[in-house]
Amino acid sequence: TTHKVGYLIGSLARESINRKLAMALVRLAPPELEMSEISFKDLPLYSYDYDADYPPAGRAFKDAIAAVDAVLFVTPEYNRSIPGGLKNAIDWASRPYGTNSFTRKPSAVIGTSPGAIGTAVAQQSLRSVLSFCNSPQMNAPEAYIQFTPGLITDDGEVTNEGTADFLRSFMQEFHMFIARVRSALPKDA
Ligand code: FNR
């Protein structure tokens, strides 16, 4: 069976290396995973003042998450955490109270940075947020990708064979994880 995966790219930068990584993951994913981007760049800054009457951008964002079987976070590390835009998006999806979009929604986390730590600290921070949001997370494999110049082309071709193999197996594991979580859910969940 196929599964729909929505991916969120934590960076809004035009030349984002995490966008390149996301393109690579789309190319390397097993055919059972239907990959589509869920954009959050048009969301205003969240406040619970919006809860009584969610604006269209907030509704559309929650609808996009509801429409997929799993969520993949491809994020940079900014100041040892996730970018503010991504946290803002997660806050939007988690509300209004009682309608948290992440409940029972399987997720995985990956990211790349030029530094050797490869977004490890940001990923730990994101995992705490996703735990509170009740998203079942793939624990392993972890993926901390150091972005050396030219590692991934703009359209997502991975130039290092070992890295390509690793990213391919990451997506295969995510596929199996999604299947496991989904099969444990009641049909209407
Ligand atoms: C960074 N960068 C960075 N890198 C890192 O490994 N740990 C960090 O804490 C930070 N902090 C940080 C803060 C801010 C505000 C910026 C703009 C950058 C460097 C970062 O990894 C690099 O710019 C990547 O290119 C960011 O990924 P995207 O946005 O290109 O996908």
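Both ligands and their constituent atoms are indexed starting at 1 by order of listing.
If you check the side chains of Ser81 and Ser125, you find a donor sitting under 3.5 Å from an acceptor. Counting only N and O atoms by type, the side chains of Asn100 and Thr103 include a donor and acceptor under 3.5 Å apart.
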Applying side chain to side chain contact (heavy atoms under 4.5 Å, CB included), run through Leu12 and Phe40 and close with a yes or a no. CA-CA 9 Å; Leu12 301 176; Phe40 57 79; 3.8 Å; yes
Which is it for Cys133 and Ile90 under the side chain to side chain contact (heavy atoms under 4.5 Å, CB included) test, yes or no, and what are the steps along the way? CA-CA 9 Å; Cys133 291; Ile90 293 171; 4.1 Å; yes
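What sits closest to atom 23 (O) of ligand 1 on the protein, heavy atoms only, is Tyr78 CE1, 5.0 Å. Looking only at heavy atoms of the protein, atom 22 (C) of ligand 1 is closest to Pro114 CD, 3.8 Å. Ranking the protein heavy atoms by distance from atom 7 (N) of ligand 1 puts Glu77 OE2, 2.8 Å first. Counting protein heavy atoms only, atom 11 (N) of ligand 1 is closest to Asn79 N, 2.8 Å. Distance from atom 30 (O) of ligand 1 to its nearest protein heavy atom, with residue and atom name: Ile17 N, 3.0 Å. Atom 31 (O) of ligand 1 has Ser16 OG, 2.6 Å as its closest protein atom, hydrogens excluded (heavy atom only). The protein heavy atom nearest to atom 6 (O) of ligand 1 is Ser113 OG, 3.3 Å. The protein non-hydrogen atom at the shortest distance from atom 9 (O) of ligand 1 is Arg80 N, 2.8 Å.
A salt bridge does not link Arg59 to Asp63: none of the charged nitrogens lies less than 4.0 Å from a carboxylate oxygen. For Arg19 and Glu37, the salt-bridge test passes: some basic side-chain N is under 4.0 Å from an acidic carboxylate O.
For the pair Thr119 and ligand 1, the shortest N or O to N or O distance does not fall below 3.5 Å. Close N/O approach between Ser11 and ligand 1 is found [any backbone or side-chain N/O within under 3.5 Å].
Side-chain rings of Trp92 and Tyr46 approach one another, their centers coming within less than 6.0 Å.
Close approach of ligand 1 to Asn18 is summarised as follows: ligand atoms under 4.0 Å from at least one heavy atom of the residue are 27 (O), 28 (P), 31 (O).
Side-chain contact between Lys62 and Tyr54: present, with at least one pair of heavy atoms (C-beta onward) separated by less than 4.5 Å.
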